[in-house]
Amino acid sequence: MKYDPQIIEARWQAYWAKHGTFNVEDNPSQPKYYCLEMFPYPSGRIHMGHVRNYTIGDVLARFHRMNGFNVLHPMGWDAFGLPAENTAIEQNIHPVEWTQTNITSMRTQLKRIGLSYDWTREIATCNPSYYKWNQWIFLKMYQRGLAYKKRSPVNWCESCKTVLANEQVINNLCWRCSSEVFPKELDQWFFKITAYAEELLSSCDSLTGWPQRVLAMQRHWIGKSEGIEVDFKVVDASPNLQPIRIFTTRPDTIFGATFISVAPESPLVDLLIKGKNNEQEIREFVTRISRQDRSTRTETSSEKEGLFTGCYAKNPLTGDAIPIWIANFVLYEYGTGAIMAVPAHDQRDFEFAQQYKLPIRLVIQNPSGTLDPDNLTEAYTQEEGYLVNSNNFSTLPVKEGKSRITRWIEEKEHGTKIIHYRLRDWGVSRQRYWGTPIPMIICKNCGLLPVPEQDLPVVLPLDVPFTGKGGSPLEDIAEFSHITCPNCGNQATRESDTMDTFVDSSWYFLRYTSPHQQDLPVNPTASDRWMAVDQYIGGIEHAVLHLLYARFFTKVLRDLGLITVSEPFANLLTQGMVCKETYHCPKHGFILPSDATDTHHCTHCASTVSVGRIEKMSKSKKNIIDPEALISRYGADTARLFSLFAAPPEKDLEWSDDGVEGAARFLNRVWRLVSEYSEVLKSLDPNFVQDMVNEMPQASRNLRRQVHHRICKVTQDIKREFQFNTAISAIMELVNILYAFGFPITTTIKKNSKTLGVMKEAINALIMLLSPFTPHIAEEMWAALGNDSHVLHSSWPQYDPTLLQEEPLTIILQVNGKTRGKLEGISHDWTKEQVVEKARKEPKMDSWLQGKTTRKVIYVEHRLVNFVI
RNA sequence: GCGAGAGUGGCGGAAUAGGCAGACGCGCAAGAUUUAGGAUCUUGUGGGGAACCGUGAGGGUUCGAGUCCCUCCUCUCGCACCA
């Protein structure tokens, strides 16, 4: 019978669905394994990146099930977000309807891949039963001062008509739509993630199962820097003018501060220049700089620009009056928005000083003493050397100078030690409809009030006009907006902002452990049982955003007493992107691969198509392969096999149509082999082979050894580093071996029950090894062999170590490290003397060794003999 | 500039712990089968006539280096005037 994946896969998928095969029952006698892939946004269609991501997870889930783990493997929908709302505006389809339709079709697509999810735990974040708990968590955070509202400049994306968190602004562009982001002043809700900055940073060390680069990105994002804040008094200031506070990590260089630079946006500017005769000029400068887009302004190479304010400040260490400048490169958002400028020891200050002819004062001499204070060509920024020009601190090494000056500053109350973080609070307000309503009430009498817990959820109203004019659509819905104040009973209004959708994904992994819990977001017992996630799998693009927020929420919920874990994800695998070359038609622009002929002509206009470089599959470049088309042509097993075999999971995968053909060919090859043997093996007792290990012919014995060798290899490759590609190649080797041994089947084999016994063991092992990767064909072949049970309920095959010990060894013979021959068929128990003796007698070695004195013999057990002559 | 990673056949990629470089697959070639094609099966396939040479380049350590150390080059990703 021909291998027909469509029929086979439909059969098993129906079976799994009918029997709820993958529904998890908590079984405390088994060790738990929580396997989680990042849930998708329901855009409508699965793409190849999803297939790869979920297949990796599915292999791990199935592998652990067969290895006796109680496996939790859930799936759900990150269902709030802008695309739904934009579709509503453009096509007049309600986000609820659009989202539900998309979920339905994507669920079907996922099921078509044969993924082993417990669908009874499915969640969609847009359901009130889910987002109610976003609101509940918000209220708890509000109570604890972890959620607060403040007016602040925010990142505004004009195209998305909403605010973005700092993490969501990439190179001054919106992370989603890549249009430019502008600053805007708005009242905003924030989560106080900075309260957890230190823990988020320090517990990075405990995340040993995370890729180093993700941890590096997290650490950098948090950006801890230890330093000191120092006040510089303004000379001749009006009494209400506060000193200028600066932040520095180099107190050892304060003696070298020859001017002050203030950020153009700083409110200080206004106070300093008021009434000055060049006030107008400065204002124009400030306006011009703040209009510049940030990406050009914050380039290291961009020109240093500044203006003198006309004011002076007193350097607390030198007592000198130093000029106060406004400088384009000083960031208002970082530190105090003002810096002391030490041109001798900071490259930016150096360039600035050169440009405006400001004094440069060397205060750190390098260890060899070669720095010439009058002829510096660049700043000396290393923290090695000793202090000079620093009064009684001179001659101190940098490190000591730092601590002594810090102490002096603190004693004289000029400043205090402080730790600064780059991380800032998470702005969660969004002026959009399709998200979780923030459960707050604004009352003219009582001010800001939380919605009483018993009134949750605050449900999103469905009858809303989608105009796309900007601003929050909820604001205009009287039935939603108008409310009686729970405190004073007067008319009040609801908060019309909704939450950033990253809130939804910050705790969904907890909800999966008890998705139907009524009174709490998560059942503490369930979360104790299942958390932390043993393996989390997703794209590197979430290295900062989602993963940082999820870690933050986990710590908050722990401190609320709801859960006991401190970190949500014990192990993280960031899979590579799926890539393919692009096709470009001179008339039609980028075209789909299927619209280019084999000879590179456009199917629409017959123009010659140019083939572009290999890059990430994307809609805009149209270099995409539709999983559904792929599966309907080759079946899910082939799609799975190829995406696992073509590259190791963490590396980018280069799509290859020929490679897919190869995967399909391999499954056909397996199918033919098993079909050839299924009838004769059906009646054979599977334990038969165990009884006659010692009396089997050499060839069968060798075969057994090969089989067990591959079981060992596949098992280790999956466990160690998720080397699915090499695991699959070991299975391919096994198939090649079985073909060489007995395909097609001969009458000799048919008549020899011992050989058949070995073959049955081999084919059983083959099917089981294959089953996590290509589950449908595995089940089908398993059944064809007459098994009543299912592969997925079988135990993962065990290898017999004594068999591996029996494997005849090949010893490499070297002379001076160069391979000159080999000894075959050496057994494991040979001693060094025996092996060397035999090596000397090897005819091939004669010409190399004859007449030479062997100075040394290197023997590596089971591997090689090296004669040093 | 800083941080992380990577450079191996025509291609995707293998190579525990420093020990046969190129597993497995693709592609290609030859043969078998077939009316033919496709499919399938078998064999071969780093370079070189050879001795030999070959893992981005150059040094080093070692009996022995794709693997370890140093210098450099190229590429990818992330961050970037962070005081």
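Values below: every heavy atom of this structure, side chains too, minus hydrogens, waters and symmetry copies. Every chain is numbered from 1 and lettered A, B, ... according to where its sequence line falls, protein lines coming before strand lines.
The interatomic distance linking A:Leu644 (CG) with B:G25 (C1') rounds to 14 Å, in whole Å. Going from atom CG of A:Leu738 over to atom P of B:U42 covers 12 Å, rounded to whole Å. Separating the CD atom of A:Glu333 from the P atom of B:A80 is a distance of 12 Å, rounded to the nearest angstrom. Nucleotide B:A4 holds its P atom 16 Å from the CD atom of A:Gln218, rounded to whole Å. Between the P atom of B:G12 and the CD atom of A:Glu581 lies a distance of 12 Å, rounded to the nearest Å. Rounded to an integer number of Å, the gap from A:Leu770 CG to B:C24 P is 17 Å. Atom CD1 of A:Ile324 and atom P of B:A83 are 22 Å apart (whole Å). The nearest whole Å value for the distance from the CG atom in A:Leu667 to the P atom in B:G25 is 13 Å.
Residue whose closest nucleotide on RNA chain B sits further toward the 5' end, between A:Asn816 and A:Glu661: A:Glu661. Each of A:Glu654 and A:Pro744 lies near RNA chain B, and the nucleotide nearest A:Glu654 is the one positioned closer to the 5' end.
Within 4.0 Å (heavy atoms only), A:Gly662 reaches sugar-phosphate atoms of the nucleic acid but no base atom. Counting any heavy atom pair closer than 4.0 Å across all strands shown, A:Pro648 reaches sugar-phosphate atoms only and no base atom. Heavy atoms of A:Tyr739 sit under 4.0 angstrom from primed sugar atoms or phosphate atoms, though from no base atom. Within the nucleic acid shown, A:Ser656 has no heavy atom closer than 4.0 Å to any nucleic acid atom.
A cation-pi arrangement, defined by a distance under 6.0 Å to the six-membered ring centre and an angle within 45 degrees of its axis, is absent between A:Lys856 and A:Phe867.
The side chain of A:Arg665 contributes an N or O atom lying less than 4.0 Å from OP1 or OP2 of B:C26. OP1 or OP2 of B:C41 lies within a sub-4.0 Å distance of a side-chain N or O belonging to A:Arg672. OP1 or OP2 of B:G25 has at least one side-chain nitrogen or oxygen of A:Asn736 nearer than 4.0 Å. Phosphate contact (OP1/OP2 of B:A14, side-chain N/O of A:Asn725, threshold under 4.0 Å): present. The phosphate of B:C20 has neither OP1 nor OP2 within less than 4.0 Å of any side-chain N or O from A:Lys822. At B:U42, one or more side-chain N or O atoms of A:Arg669 fall inside 4.0 Å of OP1 or OP2 (strictly under the cut-off).
Figure legend. B:G54 is base-paired to no nucleotide; pairs are counted as Watson-Crick or G-U wobble with both atom distances under 3.5 Å. Across all strands shown, B:G18 forms no Watson-Crick or G-U wobble pair with both distances under 3.5 Å. With a 3.5 Å ceiling on both atom-pair distances, the Watson-Crick or G-U wobble partner of B:A4 is B:U76. Base pairing of B:C24 is made with B:G12, judged by Watson-Crick or G-U wobble geometry with both donor-acceptor distances under 3.5 Å. Across all strands shown, nothing is found opposite B:A65 as a Watson-Crick or G-U wobble partner with both distances under 3.5 Å. In this structure B:G37 sits in no base pair that meets the Watson-Crick or G-U test at under 3.5 Å. Base pairing of B:A29 is made with B:U43, judged by Watson-Crick or G-U wobble geometry with both donor-acceptor distances under 3.5 Å.
The separation of B:A21 from B:G9, taken at their C1' atoms, amounts to 11 Å, rounded to a whole angstrom. Taking atom P in both B:C79 and B:A17, one finds a spacing of 32 Å when rounded to whole Å. Straight-line distance between the C1' atoms of B:G78 and B:C26: roughly 32 Å, to the nearest whole Å. Taking atom P in both B:G60 and B:C77, one finds a spacing of 36 Å when rounded to whole Å. Spacing between B:U8 and B:U55 at atom P, rounded to whole Å, works out to 11 Å. Between the P atoms of B:U61 and B:U45, the separation comes to 37 Å (whole Å). As rounded to the nearest Å, B:C28 and B:C11 have C1' atoms that lie 11 Å from one another. Look at the P atom in both B:C73 and B:G58: the space between them is 15 Å, to the nearest Å.
For A:Arg422, the listed nucleotide lying nearest its side chain is B:A80; candidates were B:C20, B:C81, B:A80. The side chain of A:Phe743 approaches B:C41 more closely than any other nucleotide in the set B:C41, B:C82, B:A4. In the set B:G25, B:G19, B:G13, B:G19 carries the atom at the smallest distance from any side-chain atom of A:Gln814. Checking B:A83, B:U16, B:C81 against the side-chain heavy atoms of A:Arg863 singles out B:U16 as nearest. Listed candidates were B:C82, B:C26, B:G13. Nearest to the side chain of A:Lys651 is B:G13. Considering only the side chain of A:Thr249, B:A83 comes nearest among B:A15, B:C79, B:A83. You'll find that the side chain of A:Asn866 is closest to B:G19, out of B:A83, B:G19, B:G25. The A:Lys818 side chain lies nearest to B:C53 when the options are B:A23, B:C53, B:C41. In the set B:A83, B:C20, B:G78, B:G78 carries the atom at the smallest distance from any side-chain atom of A:Met217. Proximity note for A:Ile858 (side chain, C-beta onward) versus B:C79, B:G19, B:A83: the nearest is B:G19.
Put simply, the side chain of A:Thr638 does not reach to within 4.5 Å of the side chain of A:Leu630, judged on heavy atoms.
Between A:Glu581 and A:Tyr583, the side chains place a donor N or O and an acceptor N or O closer than 3.5 Å (distance only, hydrogens not considered).
Salt bridge status for A:Arg219 with A:Asp205: present, with a side-chain N to carboxylate O gap under 4.0 Å.
Between the side chain of A:Asp658 and the base of B:C26 there is no donor-acceptor pair of N/O atoms closer than 3.5 Å.
Nearest heavy-atom pair across A:Met38 and A:Leu547 is CE-CD2, 4.4 Å. Shown here for A:Ile322 and A:Asn315, the closest heavy-atom pair between the two residues is CD1-CB, 4.4 Å.
Glycosidic conformation at B:G9 (O4'-C1'-N9-C4 for purines, O4'-C1'-N1-C2 for pyrimidines): syn, within 90° of 0.
Counting only distance, with no hydrogens or angles, the side chain of A:Asp349 and the backbone of A:His345 share no donor-acceptor pair below 3.5 Å. Under a 3.5 Å cut-off, the side chain of A:Asp652 and the backbone N or O of A:Gly576 do not form any donor-acceptor pair.
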**Item:** side-chain hydrogen bond (donor to acceptor under 3.5 Å, both in side chains) evaluation trace for A:Tyr334 with A:Ser225
**Value:** CA-CA 11 Å; A:Tyr334 187 80; A:Ser225 77; 3.2 Å; yes
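Ring centroids of A:Phe352 and A:Phe259 are separated by less than 6.0 Å, placing the two rings close together.
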